[in-house]
2 protein chains.
Amino acid sequence: MSYARAVTATRPRPNRGEAGAALVVAARRLFAEQGYRATTTRQIAAEAGVSHALLRYHFSSKEGLRDAVDEDVLGSFGQAVGTAVEEGVAPGTLAEAGRATALVFGADPDRRRYLRRVLVDGDDRSSALLGRLVTGAENEIDRLVTDPDSLSAEDRRWAAYQVLFLILGPLLLEPSLEVVLGGDPFEPSVLAARSAANQRLLQRGLFDPR
Amino acid sequence: MSYARAVTATRPRPNRGEAGAALVVAARRLFAEQGYRATTTRQIAAEAGVSHALLRYHFSSKEGLRDAVDEDVLGSFGQAVGTAVEEGVAPGTLAEAGRATALVFGADPDRRRYLRRVLVDGDDRSSALLGRLVTGAENEIDRLVTDPDSLSAEDRRWAAYQVLFLILGPLLLEPSLEVVLGGDPFEPSVLAARSAANQRLLQRGLFDPR
DNA sequence: TCCCTTCCTGTCCATATGGACAGGAAGGGT
DNA sequence: ACCCTTCCTGTCCATATGGACAGGAAGGGA
């Protein structure tokens, strides 16, 4: 559809009711599970129990619906990060980072997997999210690594990315990781063991004997 | 297409000529850039300079073509890993891991990005590849971390994944990372700095002053 | 009662896409 | 000259998909 055409104007309805919310929930799950492109508007509507034409009424288009899901997921994500940071009242330990991760990623599988899709899609939304994450990680590093001699400027620069990759790795690889591990990578006990191992790596590396 | 139908038998031609190779190259690039689903057979044929019907002749179907690309990329990947491992004649240092990474990921952007797609797709091919990578990393860890006291059994188990996440992170996030870094994450000097930082992290953690 | 807004459905449409198929050109063997 | 195999193209087809649109039900205000 590249040429202009007279179409019925359909701006997004700001106040959606039950059906609108159901569409967002269904889309969140299906986008997270199958990806945006592989999910059809009819699938979403069927799962939400409404006609697929209603999607256009509430959200103008499939993309409009994705925007709504983005808002939902990225909003609650930001909120969870905020909560986690606040909880770490006594900063200075890496345990906080572990707790924060659990809080943010453990909660809702759909939201977690949707986040994965956003990061993996490789579009503007991905780099925007990654940018936020990098900034957050850089602040953490500056706050935690206080000794100016423990890292060169270059290594300090990469430290934020290293922490991020350790945390995001399981998120990005979740589906295959589940197969390789033979179980849910975000099951609380698994997540705890992984976080502990991460803390010890960041603390002492792999070779330092206890 | 769920019901049986009489169709012309078209088994994959084992010996493809120039055109077949051109199709593989084009598909490799386009799948890597846009993903399998988002790439149309007509796009591939156009880039290869042949009719889109030829695809079916040589590869039976779009999936058949993907199988051929898989073989190409995963084959050359396995070979590169082999070379890198052989090159590390004097094992025991982590420098080897750095060189191996460069060799494997630095070579061909198309192949690198295709590898990313395979890992991110989340299907059987993903878990198979990840399984191979985990096994390789576990062997490296066993070979490099000889002191039985430096890691608990649990931490040792996770060490392979940690190393993997540090290496795969930039691969999985390449498109957004390029935006955030403001440059190619696999440019040799960037890769070298990152590898060096990784080695120091694995050696001493983030907090140990030099 | 009449109208207006809001929410929703059934249905039609244009397009994109993977695949099916008939046939043609080229080259080699007999 | 004739045929057979290999490689390739033009073209048709069924289907899936996002979107467009007309109209209907419900509820509330006048």
Side-chain angles (χ1 to χ4, degrees), chain A residues 1-28 30-31 33-70 121 123, chain B residues 1-28 30-31 33-70 121 123:
Chain A
M1 215 132 315
S2 54
Y3 53 94
R5 194 128 74 91
V7 294
T8 317
T10 312
R11 49 203 139 331
R13 292 295 181 280
N15 38 350
R16 297 153 198 138
E18 239 175 89
L23 279 170
V24 169
V25 171
R28 193 176 61 202
L30 287 166
F31 288 162
E33 209 71 38
Q34 315 176 331
Y36 175 75
R37 212 193 155 89
T39 302
T40 72
T41 55
R42 282 158 226 263
Q43 263 184 307
I44 299 169
E47 182 156 326
V50 298
S51 154
H52 95 279
L54 189 62
L55 195 151
R56 182 174 138 83
Y57 175 74
H58 278 305
F59 304 96
S60 302
S61 68
K62 192 185 179 187
E63 244 186 273
L65 177 55
R66 178 174 62 182
D67 290 345
V69 178
D70 273 6
D121 272 352
D123 54 13
Chain B
M1 215 134 318
S2 55
Y3 52 95
R5 195 127 75 92
V7 293
T8 318
T10 311
R11 46 203 139 337
R13 294 293 182 282
N15 38 351
R16 296 154 200 137
E18 240 175 89
L23 279 170
V24 169
V25 171
R28 193 176 62 203
L30 287 165
F31 288 162
E33 209 70 37
Q34 314 176 331
Y36 175 75
R37 213 192 153 90
T39 301
T40 72
T41 55
R42 283 159 225 261
Q43 263 184 308
I44 299 169
E47 183 156 327
V50 298
S51 153
H52 96 279
L54 190 62
L55 195 152
R56 181 174 139 83
Y57 174 75
H58 278 304
F59 304 96
S60 301
S61 68
K62 192 185 179 187
E63 244 186 273
L65 177 54
R66 179 174 60 183
D67 289 345
V69 178
D70 274 6
D121 272 351
D123 54 12

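A note on names: the letters A, B, ... follow the listed sequences, proteins ahead of strands, and every chain is numbered from 1.
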*Spacing between B:Gln34 atom CD and C:dT17 atom P, to the nearest angstrom*: 10 Å

_I want to verify a distance call: between D:dT9, C:dT17, C:dT9, whose nearest atom is closest to the B:Leu54 side chain?_
D:dT9

*N/O (side chain, A:His58) to phosphate O (OP1/OP2, C:dC8) under 4.0 Å*: yes

*Which atom pair, heavy atoms only, marks the closest approach of B:Thr39 to B:Leu30?*
OG1-O, 3.2 Å

*asked:* With a 4.0 Å limit, can you tell me whether A:Tyr57 has a side-chain N or O closer than that to the phosphate oxygens OP1/OP2 of C:dC7?
replied: yes

*Heavy-atom pair with the smallest gap, counting every atom of A:Lys62 and A:Phe31*: CE-CE2, 4.3 Å

*Complementary nucleotide of D:dG23, counting Watson-Crick and G-U pairs under 3.5 Å*: C:dC8

_Closest heavy-atom pair and its distance - A:Val24, A:Phe59_ = CG2-CZ, 3.8 Å

*Starting at atom CZ of B:Phe31, determine the distance to atom C1' of C:dG18, rounded to an integer number of angstrom.*
12 Å

*Could you state the atom-to-atom distance from CZ of B:Arg37 to C1' of D:dG18 in whole Å?*
13 Å

*For the side chain of B:Ala53, starting at C-beta, report the closest nucleotide among C:dG19, C:dC21, D:dT17.*
C:dC21

*asked:* Can you give me the closest heavy-atom contact between A:Ala26 and A:Ile44, atom names plus distance?
replied: CB-O, 3.7 Å

*In whole angstroms, how far is the P atom of C:dT17 from the CD atom of B:Glu63?*
18 Å

*Taking only the side-chain heavy atoms of B:Lys62 (C-beta and beyond), determine which of C:dG19, D:dC8, C:dT17 contains the nearest atom.*
C:dG19

*What integer distance in Å separates B:Arg42:CZ from D:dC12:P?*
13 Å

_Base partner of D:dT15, which must satisfy Watson-Crick or wobble distances under 3.5 Å_ = C:dA16

*Mind listing the closest non-hydrogen atom pair of A:Ala45 and A:Leu23 along with its distance?*
CA-CD2, 4.1 Å

*Which nucleotide, D:dG19, C:dG10, C:dG18, lies nearest any side-chain atom of B:Thr41?*
C:dG18

*Starting at atom NE2 of A:His52, determine the distance to atom P of D:dC21, rounded to an integer number of angstrom.*
14 Å

*asked:* The side chain of B:Ser51 is closest to which nucleotide in this list: D:dG10, D:dT17, C:dT17?
replied: D:dG10

*Nearest whole angstrom, please: distance from the C1' of C:dC7 to the CG of A:Leu55.*
14 Å

*Starting at CG of A:Leu65 and ending at C1' of D:dG19, how long is that distance when rounded to a whole Å?*
14 Å

